Each structure stands twice: as C-alpha cells, then as structure tokens.
2 protein chains.
Amino acid sequence: MPKRTRQKEAILRVLKSTTSHPTADWIYSDVRKEIPNISLGTVYRNLKLLWQSGEISEMDFSGTFSRFDGNPDNHYHFRCERCGRVFDVDEPVNKETDDRVAQKTGFKIFYHRLEFRGLCRECQESREVRTK
Amino acid sequence: MPKRTRQKEAILRVLKSTTSHPTADWIYSDVRKEIPNISLGTVYRNLKLLWQSGEISEMDFSGTFSRFDGNPDNHYHFRCERCGRVFDVDEPVNKETDDRVAQKTGFKIFYHRLEFRGLCRECQESREVRTK
DNA sequence: CATTTATTAGTAATAGTTATCGTTACTTGT
DNA sequence: ACAAGTAACGATAACTATTACTAATAAATG
Ligand SMILES: [Mn+2]
Ligand SMILES: [Mn+2]
Ligand SMILES: [Zn+2]
Ligand SMILES: [Zn+2]
C-alpha cells in the first residue's frame, strides 16, 4: 500500500501546474524551493510511482532524457527541433488506425504515440543547421 | 569532405542488411566479425556521420538507448512492450495532418513520428505486467 | 502510543554516449 | 609513385541521465 508523502504530493503538484513537459531535473529544482533537501533520487522514484499508478505520463520519445507530463491521457505533441521545447497538440487521437494496423499485422495495439517535429513560432525566423 | 573508409562501409552494410532496427552495440558486435578491432566510438561516430548525410535514420524514441534504421525515409513503427522489438509498419505517412496542424498552430512542421505500442504476435499469449 | 513498513536523503554505481588525443590511412595533386 | 594534408581511426577517459543501495525517518493502522 503506497503512502502519501510530502515529497510525492509536491512533485505531483509541480507537474500538474505546468504545460512545459519538464525533465526530472527541472522538477527537482522547482520542488526544492519548497523542500530544499529533497533528493534527486526521490524525484525519480516518485515519478515512476506516479506513472505506475496512472497519474502522469512519461515522454520517453527523443533521445537523451525523459520528459514528464501531468496529463496521463494519450495525446499528441510537437517538438521544436531548434529550442527543444515540447507543446501539446490539440488533435483528436485516431484510434481507427490502431485497429486497421492491428488487423493487418496481427499485433495487439494498445495505443500509439505521435510527435510532430519542426520549428515553433519563436524559432521560425532564425533558422540553423540541425545538430541532433 | 568525408572519406570512405572500410569501417564506415561495413557499418552501413550491416545496417542496410537487417530490418531489426539495431542498437549501436548490436551493430558493433556484428561489424567486429569483419573488423575485430574496430572501436565502439568509431561505430557511434560513423552512425552520426551517416545520419547527417541522410543515408540512415536514428530512432531516438523510447528512453534508454537509440536504435538505428537503414531506411532513411520516414515511416511508422511498432514496438512490442514486452520483448522490446521494433517492426516497420507498412502504412502510408499522413502528410495532410502535418499541414492541418501547422495551419492551426502556426508551427512549421517538417514531419511527424508515429510509433504503435502493444504486443507482437509471439508475445501475445504470455502476458506480463509492464515494467517500463 | 507502539508497530509496521513504505519512503527518504545521501551517495555509489550503472550504462549509453561523447570527447580527447596521438596515430593511421584515405584523398588529391604533383 | 610520392608527398602533403587532413578526415577518420583505436584506445580510453569523461560525461550524464538514471538506478541501486542503505541506514534513518515518517506515514499508516488500530
Ligand atoms: Mn502533453
Ligand atoms: Mn524502420
Ligand atoms: Zn523553438
Ligand atoms: Zn514481443
């Protein structure tokens, strides 16, 4: 039986109060304003617990580090290839495709993840070579 | 001006000859059959060079490690949540959605990535709790 | 209040990837 | 064929996000 702790509640509150899909480290420094001696390991452990209980979702798309999302329901994202920011995309999730592909392939499909990539409004003018 | 080397050619050949979306480490051990003293750093360096020149693509989806794909053209994938294998999905890429979302949001959208998740045929019977 | 046990802070360990550096070998031009 | 210039090499160290470990702490229960 999981316990409700000050640390877990603070982490969840931080994550629910932003739309920025933050990294574990960002959450860590934000929660430290309230609990200065919280451990980074505690942040990671609770993010996993919260994910396991279905209260948040983890964005393990793209490369080097995970981002977390206070919204546990499946939805689409846009990632800016220049500044790296991630935005929600308000587009209905197409469940029919899951069924059609499942039929065709024999896979059992639970859901799909979709990420658009490009340039956000702010980054659109000053274009650069992609490095990653 | 990039040079053609034995190492780079071997890495590209290995990657083009499989549909398994291998990791850098898998490629490393396969190439070592031909070039036993090749360095893992060389594998990584060449994978990046090949990606930069558009000859392969990198799947930096899901968490811990990258997978690589000898097919540089955008296409969809299915990932089995039990065995972790990645399969190509032969479904046309829906470019219209990119345009519609771009219109709606003001983002410049280059492409999108789509990954189906579920259970492959082999894993379908012996179900387990998801751990990641 | 006493017991139980999940959780914590702190720290060490892990793992994938990248950086560094002296040496090698591919390319180009004579 | 030879020399010069330089991209790429192998070996290894460094980096970084994440996880594991452990003795101490604090929720939950009744
Ligand atoms: Mn989101
Ligand atoms: Mn593929
Ligand atoms: Zn941007
Ligand atoms: Zn499977």
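When reading the values below, keep in mind they use all heavy atoms of this one structure, side chains included, and skip hydrogens, waters and symmetry mates. Because the structure is predicted, anything quoted here is derived from the model rather than measured. Labels below follow one simple rule: chain letters A, B, ... track the order of the sequence lines, proteins then strands, and each chain is numbered from 1.
Note: CZ (A/Arg45) to C1' (C/dT11) measures 13 Å, nearest angstrom. Summarising the geometry, the separation between OH on A/Tyr44 and C1' on C/dA13 is reported as 15 Å, rounded to the nearest angstrom. One can place CD1 of B/Ile27 at 10 Å from P of C/dT17, the figure rounded to the nearest angstrom. Between the CZ atom of A/Arg6 and the C1' atom of D/dA28 there is a distance of 17 Å, given to the nearest Å. For the pair B/Leu47 CG and C/dT18 P, the interatomic distance rounds to 10 Å; values are reported in whole Å. Rounded to a whole Å, the CD1 atom of B/Ile11 is 11 Å from the C1' atom of D/dC9. The separation between B/Lys48 atom NZ and D/dC9 atom P is 14 Å, rounded to whole Å. Across the protein-nucleic acid pair, B/Gln7 atom CD and D/dA8 atom P stand 11 Å apart, rounded to whole Å.
At D/dT12, none of the side-chain N or O atoms of B/Ser39 fall inside 4.0 Å of OP1 or OP2 (strictly under the cut-off). Here B/Ser66 reaches the OP1 or OP2 of C/dT17: one of its side-chain N or O atoms lies under 4.0 Å away. Regarding contacts with the backbone of C/dT8, a side-chain N or O of A/Asn46 is found under 4.0 angstrom from either OP1 or OP2. Contact annotation: B/Lys3 side-chain N/O to D/dT6 OP1/OP2 distance is not under 4.0 Å.
Each of B/Phe68 and B/Thr5 was matched to the nucleotide of DNA chain C holding its nearest heavy atom; the match closer to the 5' end belongs to B/Phe68. For the pair B/Gly41 and A/Met1, both in contact range of DNA chain D, the more 5′-proximal nearest nucleotide belongs to B/Gly41.
Proximity note for B/Lys8 (side chain, C-beta onward) versus C/dT17, C/dT7, D/dA8: the nearest is D/dA8.
No side-chain donor-acceptor contact under 3.5 Å links B/Asp90 and B/His75. For the residue pair A/His112 and A/Asn94, no side-chain donor N or O sits within less than 3.5 Å of a side-chain acceptor on the partner. For the residue pair A/Ser66 and A/Glu58, a side-chain donor N or O sits within less than 3.5 Å of a side-chain acceptor on the partner.
Checked for salt-bridge contact, B/Arg117 and B/Glu115 meet the test: a charged N lies under 4.0 Å from a carboxylate O.
Hydrophobic cluster membership differs between B/Leu47 and B/Leu49, with clusters built from Ile, Leu, Val, Met, Phe, Trp and Tyr side chains linked at under 4.5 angstrom.
Within 4.0 Å (heavy atoms only), A/Arg4 reaches sugar-phosphate atoms of the nucleic acid but no base atom. Within 4.0 Å (heavy atoms only), B/Leu40 reaches at least one base atom of the nucleic acid.
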